Amino acid sequence: MIRVALAGNPNCGKTTLFNALTGATAHVGNWPGVTVDKREGVCKKGSEPFTVVDLPGIYSLSPYTPEEVISRNFILDNRPDAVIDIVDSTNLERNLYLTTQLMEMDVPVVVALNMADELEKNGDKIDVKLLEERLGMPVVSVSAVTGKGIKELIEKTVAAAKKKRQGVSVLGSTMIAPAIEEAALHLRDDGVSSPLFHAVKLAEGDSLESDNHKKTSAFVRNYMHGMKDATFGDDWEAFVANARYDYITANYSPALTRKSGEGKRLKLSEKIDRVLTNKWAGIPLFVAILFVIFHLTFSENLLFLAPALGAGGEWTMFAGTPFEGLFGSSAGISSPGVILQKFVEGITGSISGGIGAGMESAGAAAWANGFVVDGVLGGLFAVIGFLPQILLLFMFFSLLEDSGYMARVAFILDRIFRRLGLSGRALMPMIMGFGCSVPAMINTRTLADEKERVATVRVIPFFSCGAKLPILVGCAGALVSVSGMGNADVITMLMYLLGICVALATVILMRGTTMRGELSPFIMELPNYRRPGFKSTMLHVWDKAKHFIKKAFTVILASTIIIWFFSHFTWDWHYVPDEDMGESILASLGMLIQPLFTPLGFGSQLAAGGWVFAVAAITGLVAKENVIATFGTLAATISATFDAGLAGEDGVEAISALMGATDISGAGLIAFIAFNMLTIPCFAAVATARGELTKKRFRWTMLFWLATSYITSSMVYTMGAFPWTIAIWAVAWAAAITALVFVNKYLKKKDEEKKIKAA
Ligand code: GDP
Ligand code: MG
C-alpha cells in the first residue's frame, strides 16, 4: 500500500488533517507539541487506500529536538511514497521555510495550504496556481476542519506517490551552490539516497551529517575553505537559513495578497494578549478563570446566593423523589455540574433501589443482596456518580486549550519556570497531566535535557488527573456536609493548587541537587486565537467518557467484587455477615498496615473500621477511582455496623458515613486526599514511567513518590490537627532550605572546577 507522511510546523493542523483523512480521533490541541510520536492510520476516502503517518511538528529539518529527529529520520529512512507538507496558510512565509528543505529530498511532496477557511475569513488570498508553478510541486488549498479540498488533496497525493521526484534546492544561485552540487554528485556515487539534501546539510556544517559522511564532508570543507560571505562570514548555517528566506520572499510571497488594513484584526488579538499575558495580571486572571470553572462544576451554592435567598431558597419540587434537591436546597443553588451529578445519582439510586427491592421480594439471601447492592453497585455507582463533573471539567479544559488560552498560560508561567530550572517546554506535559499522566509522561520526550525530563516525569502525577478527581470531590463534599466547613468547590481547587505547589517545590529541589542540567532555549510562538470547534470539543469529552466507562466496567468492577469478597470472608474461608466484617481477610490486612498511616491522620487513631482508609489507599494503586469504589463498597456495611445512621448511596454519602463511623478528623481526611494525590500513581502511569526512565531512575522515582506523599500528607495532618506543630515544621523546612542552598552552591562550584579542568 502507498505510504504517505504528514509533515509541517507545530500547530499547523497535521493531526486535524490526519483525523480527517483516516477517520481517527487523535488528540488535537491548539498549542505546539501535542503530537510527539508518529501515529499511523489508513485513508480509504480516495480511489486507492493509503497509509498515513502523522509526524511531530517541526520548524526545520536540522535535528536539534527529539521531534525533529523523529520526523527527519522517518522521511529519510522509512522512505514514504509521498509527503504531504502541511502549511498554515495564515502564516505562509514562515511555514514555507520547511517546504524549501523538504524540496531537497528525493520524495514526491504535495503542499497542502491548510486553514483555508481562516485565510478567507481574514480576507487574504493565495494564488494556488502561481505557487504551484514556482514550487514545482502540486499545491492544494484545504481546510482540515471544514473538509474543503480534502478530496482533491487525496487524489493529488495518490497521483504524486506513483511518480518519482528528484530533489531541487532553492540555494541554486548562491555562492555555495557549486560546493553543494559537487558534494551531491559524490554522495550519489556512494549510493546515498536524497544526496542533494545531505549535501546541503554538509555545506551547513551539520555535525550529525558530517559524522555520517566523513569523506564528502572533508571534501566540502576543503572546497569551501577560505570562502566568506559579506554578512555571515563562514557561519554557513545562518547563511543558508537567510538564503532560504530571501528566496521565499522573492519567489513565493507574490502568491499571497493581503487584504489592506490587515493590521486591524491582529490588533484585537494583540490587545487581548496584552491583558491575558500581562506580567502582573496574567496569573491572577488564570486563577480567577480556574475558580469560575471549578465553581460552575462543583459548587452547591452557585454565585454564593444562599444568604440572599434565605429560607425561601428551598427547592421542594422533587421532595421525596430520587431527584430531591436537584436544583438546590436551603444551602444554595446547584451549579450545572452538581445538577448533572445529582441527576445521575438519582438514576443510579433508583436502579440499585429497584434491584435491591426486586431481590428481596424474590427471596434472595441477605448476603446476595448485600453483594449486589452494597458491594458491586455501591462501588461502581459511587464512581460513576462523578462522571458528569469530570466530563464538564474536561469540556472547560478543552475549551481553554482549543481557544489558544492554555498556550498563553504556558507563556506566562515560562517566566517563573526558568527561575526554577525548567524550560517552558516542560509545561505542556505538566498541563496534560491534569488529564492523564500516561500521555503526559510520553510528551516529556520533547524535552532536550534528559535530567529535566526525569524531573518532569516525576512530578507529572502531582498534577491531579481525572481519575483522582472523585477522591478530591468526594472527600471535599463529605467534609462540607459533615463538618459544615467551607465550600466544596474551594476545597477541590485548593487541593489542585496543593498538587501544583508540591510539584514546583520538588522540581526546584531536584534541579538544584540530583537532576542538575542545562536549560535549553525555549521559543514558543503564541498560536492564533480560535473559536473552539463544537465537534472537536465533543470528541475530547467523548474520549474521556469512553475511557472512564471502560475502566468502570473492567478494572473497577473487578476490584469491587474482589474487595467485597475479601471483606466478607475469613482466612479459613467462612462467610462473615456485615456486623462481623472486622474478622474478614481484608480487615485483618487493613489493620496490619493501618499503623503506617497513623502519622497521616488516617491510621490507628481511628475508631474500629478505620482500616478502610488504609485499604482504599492501597486499592488506589491499581486505579485511582478504586479509592472511591472501595468506600462505596464498604461504607454501607461499616455504617450499618456502627449505626452511623447514614446510607452509602453515592460517593459523598459513603465518605460522610465513613467519617461518622471512624471519627476521622477533617485534617486527617485532607491528609488522606493529599496522600492519594501525591503517592505512587495508578498502574498504567507507573508502567509508563518505567518505560520512559532507566531502571535505576525508575526505582528512585517510586521512592520519591512515596516519600513526597508521606511527608506532605503528615505535614497537612499534624499542622491541621495540632497547630503547635507548625513551629516544628517551619524550623525543619528552614533548615532543609538552608542546607539546599549550601549544597547547591557546593555543586555549582564543583561544576565550574570540572569545566576549568576540561578546558
Ligand atoms: P498539529 O499540531 O499540527 O497536529 O495541529 P492540530 O491538528 O492539533 O491543530 C492545531 C489547531 O488548529 C487546532 O486548534 C485545530 O482545531 C486548528 N485547525 C486545524 N486545521 C484547521 C483548519 O483547516 N481551519 C481552522 N480554522 N483551524 C484549524
Ligand atoms: Mg498534532
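Order of appearance sets the numbers: ligands from 1, and atoms from 1 within every ligand. Please read these numbers as outputs of a predicted model, since none were measured by experiment.
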Exercise for review: Would you kindly specify which portion of N114 sits under 4.0 Å from ligand 1, judged on non-hydrogen atoms: side chain, backbone, both or neither?
Suggested key: side chain
Practice item. Heavy-atom contacts with S143 under 4.0 Å: which atoms of ligand 1 show up? List them by number with element. Key: 22 (C), 23 (O), 24 (N)
Check your understanding: Does I248 reach the side chain of N251, with side-chain heavy atoms less than 4.5 Å apart?
Key -> no
Review point. Is the shortest N/O to N/O distance between L17 and ligand 1 below 3.5 Å?
Key: no
Review point. Can you tell me if K45 uses its side chain to pair, donor with acceptor, with the backbone of A20 under 3.5 Å?
Key: yes
Point to revise | Charged N-O contact under 4.0 Å between E104 and R165 | key: no
Review point. Which residue, I500, L393, L469, forms the side-chain contact (heavy atoms from CB on, under 4.5 Å) with F434?
Key: I500
Practice item. For V145, take its heavy atoms, then give the atoms of ligand 1 lying under 4.0 Å from any of them. Key: 18 (N), 20 (N), 21 (C), 22 (C), 23 (O), 24 (N), 25 (C), 27 (N), 28 (C)
Practice item. Indicate yes or no: does R3 engage E40 in a salt bridge with an N to O separation below 4.0 Å. Key: yes
Check your understanding: What residues, two or more places apart in sequence or in another chain, satisfy salt bridge (Lys or Arg N to Asp or Glu O under 4.0 Å) together with D127?
Key -> none
Exercise for review: Would you mind running through ligand 1 and noting each atom that sits below 4.0 Å from a heavy atom of T15?
Suggested key: 1 (P), 4 (O), 7 (O)
Review point. Under 4.0 Å between a Lys/Arg side-chain N and an Asp/Glu carboxylate O for E152 and K156?
Key: yes
Check your understanding: Could you walk me through whether F294 and Y496 pass the ring pair (Phe, Tyr, Trp, His ring centres under 6.0 Å) check?
Key -> CA-CA 10 Å; F294 278 86; Y496 265 84; 5.0 Å; yes
Check your understanding: Should the proximity of E118 to ligand 1, defined as any heavy atom under 4.0 Å, be assigned to the side chain, the backbone, both, or neither?
Key -> side chain
Point to revise | ligand 1 contact by C12, heavy-atom criterion under 4.0 angstrom | key: yes
Practice item. Using a 4.0 Å heavy-atom cut-off, say whether D117 meets ligand 1 through its side chain, its backbone, both or neither. Key: side chain
Check your understanding: Under 3.5 Å, is there a donor-acceptor pair between the side chain of D449 and the main chain of E452?
Key -> yes
Review point. Do any nitrogen or oxygen atoms of A144 lie less than 3.5 angstrom from nitrogen or oxygen atoms of ligand 1?
Key: yes
Exercise for review: Provide the protein N, O or S atoms situated under 2.8 Å from the Mg ion (ligand 2); waters are not included.
Suggested key: T15 OG1, T35 OG1
Review point. So, are K121 and E118 salt-bridged, with charged N and O less than 4.0 Å apart?
Key: no
